[in-house]
Protein chains: 2
Amino acid sequence: MLCGDGMKLPKAQQGNRPLYVQVRDLIVAEIQSGAWAPGAVLPSEFELARTYGVSQGTIRKATDALAADQILVRRQGRGTFVHAHTAAEVLFRFFQFREPDGQRVIPASRTLRTTRGSATRIEQDRLALAKGARVIRHSRLRTWRSRPFIFETIVLPEALFPGLAANGDLPNTLYDMFQTHYGVTVARAVERVDTQTASERQARLLDLPAGQPLLRIDRQTIAIDGRIIEWRLSLCHLDGLYYAVEVG
Amino acid sequence: MLCGDGMKLPKAQQGNRPLYVQVRDLIVAEIQSGAWAPGAVLPSEFELARTYGVSQGTIRKATDALAADQILVRRQGRGTFVHAHTAAEVLFRFFQFREPDGQRVIPASRTLRTTRGSATRIEQDRLALAKGARVIRHSRLRTWRSRPFIFETIVLPEALFPGLAANGDLPNTLYDMFQTHYGVTVARAVERVDTQTASERQARLLDLPAGQPLLRIDRQTIAIDGRIIEWRLSLCHLDGLYYAVEVG
DNA sequence: CAGTGGTCTAGACCACGTG
DNA sequence: ACGTGGTCTAGACCACTGC
């Protein structure tokens, strides 16, 4: 069920890495390879312990770390599962706009355009791609209470998501689809936030006068294996809403 | 050395809370009470185990959680210490402005004014204070490369920091002083980020034309016991810099 | 060298979900 | 009733620090 050859980790640590870290990486590898699909239940802790030749406590420590990283989910009495992202969960984690009273904003989305091409200099930089790599570009308007408030440009490495732009459109939430269709699980995102004034085109799209201040969020999205899988530029006309951030 | 009465936790969990959580809370209480000061070394794991009447593994699990929350620091071969914030660490954790190339911004600071008064409605709201509670208000300009770029207003509950405004000024970094002088350890901050245009006064202070877009960060700072200890409003003229955020 | 945290094991019992 | 994860224990050995 595992790597083929029934491996036993020696008690002497390989390369001085703790056993539970090695087990953690083996479990991640199983998930990456697709052997354990999103939503699937893992073997029990004692079974994993036997398979990897370690104790149940060591398995526990490895799965603890993976549960903390949202890669596994534990359900007492049932088992340990590979975390399957849903559209709602992804929105909850990665879409952090709020009403003045703290209520979450649940946006709608309208695609403007989806194209393919060679990565520009800045796209190569933000996505850590080689010269000449192909990318998929997608732009859309996010609306709330029927009013547009975010103009968003998304750039994806085509190598990671072959055939994605085929039908010319993308779903409202991408991250759950990345996992279910391409086996790419989003871990976190790093953002650069600043302000700018709306250009003529941006103002027209967002239905406001040119020169209005916009919140600009430049996001790099990172998978559980550390690869950058998305570059997303969001221009936001907040108009009473705010962007919620936790620090420390 | 501990709570006075040599306590023994029963094996039957009190109120169904796991032993290690109870131990965690007892350790936090020791720190809050000042019995274990910032920078102090804790008794060894085995000594703690004997004191609390639990096993070393349970102590480990409690201190693991506290180390993850930055409340304790473990140093192999030396001991476990109460995390003592330094000005540099605090800046690293809570001041997240960067140069375009990703280099950290290390600001200077100039006090504008420090006053005391009764909390306004909005101050009561943001600091979770009762009507009529007293607050300390402090405003300052943050500069970088000798140019002002943040106009900051800080409001503190006077009850938490008695005598703080006595000499009429505050240090550049507050959070380390909160801990060393008042035993208040900062845990995290929640922020509401949006944009606004510079008023006449703000523009004058930040040395730019009125109407320029500013990044507005409304921060509530929270201590390890969950109390809100600070409300801080930062108006930022980024001008090429960006605010770094991690999501998920 | 002694003492500390870091890792790992083996075994026990409990709480929960399912059949 | 059974199997799962959740907690807790006791003991072992290792790695690091400081004397």
Side-chain angles (χ1 to χ4, degrees), chain A residues 1 7-27 31 36 39-84, chain B residues 1 7-27 31 36 39-84:
Chain A
M1 183 170 235
M7 55 176 39
K8 292 264 184 187
L9 295 173
K11 296 202 179 191
Q13 296 162 6
Q14 299 171 336
N16 280 335
R17 293 168 66 243
L19 260 188
Y20 72 90
V21 173
Q22 298 177 46
V23 169
R24 194 204 112 109
D25 291 349
L26 288 172
I27 293 174
I31 297 171
W36 295 338
V41 63
L42 267 60
S44 79
E45 295 182 342
F46 281 100
E47 205 169 327
L48 287 172
R50 202 165 39 76
T51 307
Y52 292 120
V54 301
S55 78
Q56 178 256 3
T58 301
I59 296 293
R60 171 63 64 103
K61 193 153 185 184
T63 53
D64 268 348
L66 291 167
D69 292 348
Q70 306 252 49
I71 295 169
L72 297 180
V73 177
R74 279 218 270 259
R75 298 187 195 141
Q76 185 171 159
R78 299 183 56 193
T80 302
F81 301 77
V82 180
H83 187 188
Chain B
M1 184 172 231
M7 56 176 37
K8 292 265 183 187
L9 294 174
K11 296 201 179 191
Q13 296 163 5
Q14 298 169 338
N16 281 333
R17 295 167 66 243
L19 260 187
Y20 72 89
V21 174
Q22 298 177 45
V23 170
R24 194 204 112 108
D25 291 349
L26 288 172
I27 293 173
I31 296 171
W36 296 337
V41 63
L42 266 61
S44 80
E45 295 182 342
F46 281 101
E47 205 168 327
L48 287 172
R50 202 164 39 76
T51 305
Y52 291 121
V54 301
S55 77
Q56 178 256 4
T58 302
I59 296 294
R60 171 63 63 105
K61 193 154 184 182
T63 52
D64 268 349
L66 291 167
D69 291 348
Q70 306 252 52
I71 294 169
L72 296 180
V73 178
R74 278 217 271 261
R75 298 187 196 142
Q76 183 170 163
R78 299 185 53 196
T80 302
F81 300 77
V82 181
H83 186 190

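Order of the sequence lines sets the chain letters (A, B, ...), proteins ahead of strands, with each chain counted from 1. This one's a predicted model, so the numbers in the text were calculated from it and none came from an experiment. Note: hydrogens, waters and symmetry copies are ignored here, and every other heavy atom, side chains too, is used.
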Heavy-atom distance under 4.5 Å between the side chains of Val54(A) and Ile59(A), does that happen here?
yes
Between dT18(C) (C1') and Phe81(A) (CZ): distance, integer Å
12 Å
Option passing side-chain contact (heavy atoms from CB on, under 4.5 Å) with Arg24(A) (candidates Thr63(A), Leu19(A), Asp69(A)):
Asp69(A)
Which heavy atom of Ala84(A) sits nearest to which heavy atom of Gly39(A), and what is that distance?
CB-N, 3.6 Å
Ile59(B) CD1 to dC8(D) P, straight-line distance once rounded to whole Å:
11 Å
In whole angstroms, how far is the P atom of dT4(C) from the CG atom of Leu48(B)?
11 Å
Is there a side-chain contact between Thr58(A) and the phosphate of dT9(C), meaning an N or O under 4.0 Å from OP1 or OP2?
yes
Tabulate protein N/O versus nucleotide N/O from nucleotides 4-6 of chain D, keeping only pairs under 3.5 Å, one per line.
residue, atom, partner, partner atom, Å
dT4(D), O2, Gly77(A), N, 3.4
dG5(D), OP1, Thr80(A), N, 3.4
dG5(D), OP1, Thr80(A), OG1, 3.3
dG5(D), OP2, Glu45(A), N, 3.1
dG6(D), OP2, Arg74(A), NE, 2.5
dG6(D), N7, Arg60(A), NH2, 3.2

Got Arg17(B) and Asp25(B) here, is their nearest side-chain heavy-atom distance under 4.5 Å?
yes
To the nearest Å, give me how far apart CG (Leu19(B)) and C1' (dA15(C)) are.
15 Å
Contacts of type side-chain contact (heavy atoms from CB on, under 4.5 Å), residue Ser55(B), not counting sequence neighbours
Thr58(B)
side-chain contact (heavy atoms from CB on, under 4.5 Å) partners for Val73(A), two or more places apart:
Arg75(A), His83(A)
